[in-house]
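Keep in mind it's a predicted model, so treat the numbers as computed, not measured. What's counted below: heavy atoms across the whole structure, side chains too, no hydrogens, waters or symmetry copies.
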Amino acid sequence: MAKLQNMRMWETLASNPNIKIEKSFFGLRSTAWYTTTGQRITARTLEYAQHDGDHLLSALSQSSADDIMKRMGDTVPTPTVNGNYMLEFASSADKSFLALRLLQFQQMIYEPVTPTLTFEGNEAQKLIELFSNAQ
């Protein structure tokens, strides 16, 4: 499991009015909560090969969960080890909040290729299920 505060999308999440950040242990540890439902947000990263990453990049250029799922079609990218693309994935425990950001390995570092996308409610649940089935 990745640390949310070490992700490239941390600033966007921290500025979201529906996210509450609690600091503990002398400010060294941060916990994010989705205030609408009071659920904790956990984060992870998923890495993808070039082909799957390109497919994800194309899909995440859409604005709604339904459009993303249509673009994904029957092809659900399968995570790999040491992929060319990395997806930052943060979701609430009840699956009612999701934040995604796709990064690509360029110049010896992962650079963002999409903005941070946030989804709530049914849209979040659909996308969380989509990515959960791929693992």
- For Leu102, the option from Tyr110, Tyr85, Phe89 that meets side-chain contact (heavy atoms from CB on, under 4.5 Å):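 Checked Tyr110, Tyr85, Phe89 against Leu102; only one passes side-chain contact (heavy atoms from CB on, under 4.5 Å): Tyr85.
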Distance in Å, [X] [atom1] paired with [Y] [atom2], rounded so as to fall on 0.5 Å steps:
{"X": "Leu100", "Y": "Thr116", "atom1": "CG", "atom2": "OG1", "result": "9.0 Å"}
{"X": "Arg71", "Y": "Ser61", "atom1": "CZ", "atom2": "OG", "result": "5.0 Å"}
{"X": "Phe119", "Y": "Ile68", "atom1": "CZ", "atom2": "CD1", "result": "3.5 Å"}
{"X": "Glu123", "Y": "Leu127", "atom1": "CD", "atom2": "CG", "result": "7.5 Å"}
{"X": "Ile128", "Y": "Phe97", "atom1": "CD1", "atom2": "CZ", "result": "9.5 Å"}
{"X": "Thr12", "Y": "Arg8", "atom1": "OG1", "atom2": "CZ", "result": "11.0 Å"}

- Task: Please step through side-chain contact (heavy atoms from CB on, under 4.5 Å) for the pair Ser30 and Trp10, ending with a clear verdict.
- Result: CA-CA 11 Å; Ser30 298; Trp10 169 251; 4.0 Å; yes
Would a 4.5 Å heavy-atom cut-off, applied to side chains only, mark [X] and [Y] as touching?
{"X": "Thr114", "Y": "Arg101", "value": "yes"}
{"X": "Met86", "Y": "Leu46", "value": "no"}
{"X": "Lys126", "Y": "Asp66", "value": "yes"}
{"X": "Leu60", "Y": "Leu117", "value": "yes"}
{"X": "Thr45", "Y": "Met7", "value": "yes"}

- Could you tell me which non-hydrogen atom of Ala90 sits nearest to which non-hydrogen atom of Leu13, and how far apart they are? CB-CD1, 4.2 Å
Taking [Y]'s backbone N and O only, do any of them form a donor-acceptor pair with [X]'s side chain (distance below 3.5 Å, no angle check)?
{"X": "Glu47", "Y": "Gly83", "answer": "yes"}
{"X": "Glu88", "Y": "Met9", "answer": "yes"}
{"X": "His55", "Y": "Pro77", "answer": "no"}

- Query: Please walk me through it: do Ile41 and Leu4 pass side-chain contact (heavy atoms from CB on, under 4.5 Å)?
  - Reply: CA-CA 9 Å; Ile41 295 175; Leu4 191 56; 4.1 Å; yes
Would you say the side chains of [X] and [Y] form a donor-acceptor pair under 3.5 Å?
{"X": "Tyr34", "Y": "Asp94", "answer": "no"}
{"X": "Trp33", "Y": "Glu22", "answer": "yes"}
{"X": "Arg40", "Y": "Ser92", "answer": "no"}

- Query: Among Thr36, Thr37, Asn18, whose side-chain hydrogen bond (donor to acceptor under 3.5 Å, both in side chains) with Glu120 holds?
  - Reply: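 Only one option passes, and that is Asn18.
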- Query: Where do Lys95 and Glu129 land on the side-chain contact (heavy atoms from CB on, under 4.5 Å) test, with the steps shown first?
  - Reply: CA-CA 9 Å; Lys95 299 181 180 180; Glu129 291 299 320; 2.7 Å; yes
Do [X] and [Y] sit in one hydrophobic cluster, given that two such residues count as connected whenever their side-chain heavy atoms are within less than 4.5 Å of each other, even indirectly?
{"X": "Phe105", "Y": "Leu56", "answer": "no"}
{"X": "Ile21", "Y": "Leu98", "answer": "no"}
{"X": "Val113", "Y": "Tyr48", "answer": "yes"}

- Task: Apply the test side-chain contact (heavy atoms from CB on, under 4.5 Å) to residues Gln104 and Asn84: give CA-CA distance (whole Å), side-chain angles for both, the deciding distance (0.1 Å), then the verdict.
- Result: CA-CA 6 Å; Gln104 185 177 20; Asn84 190 10; 3.9 Å; yes
- Just wondering, more than 12 heavy atoms not from Glu11 lying within 6.0 Å of its CD? no
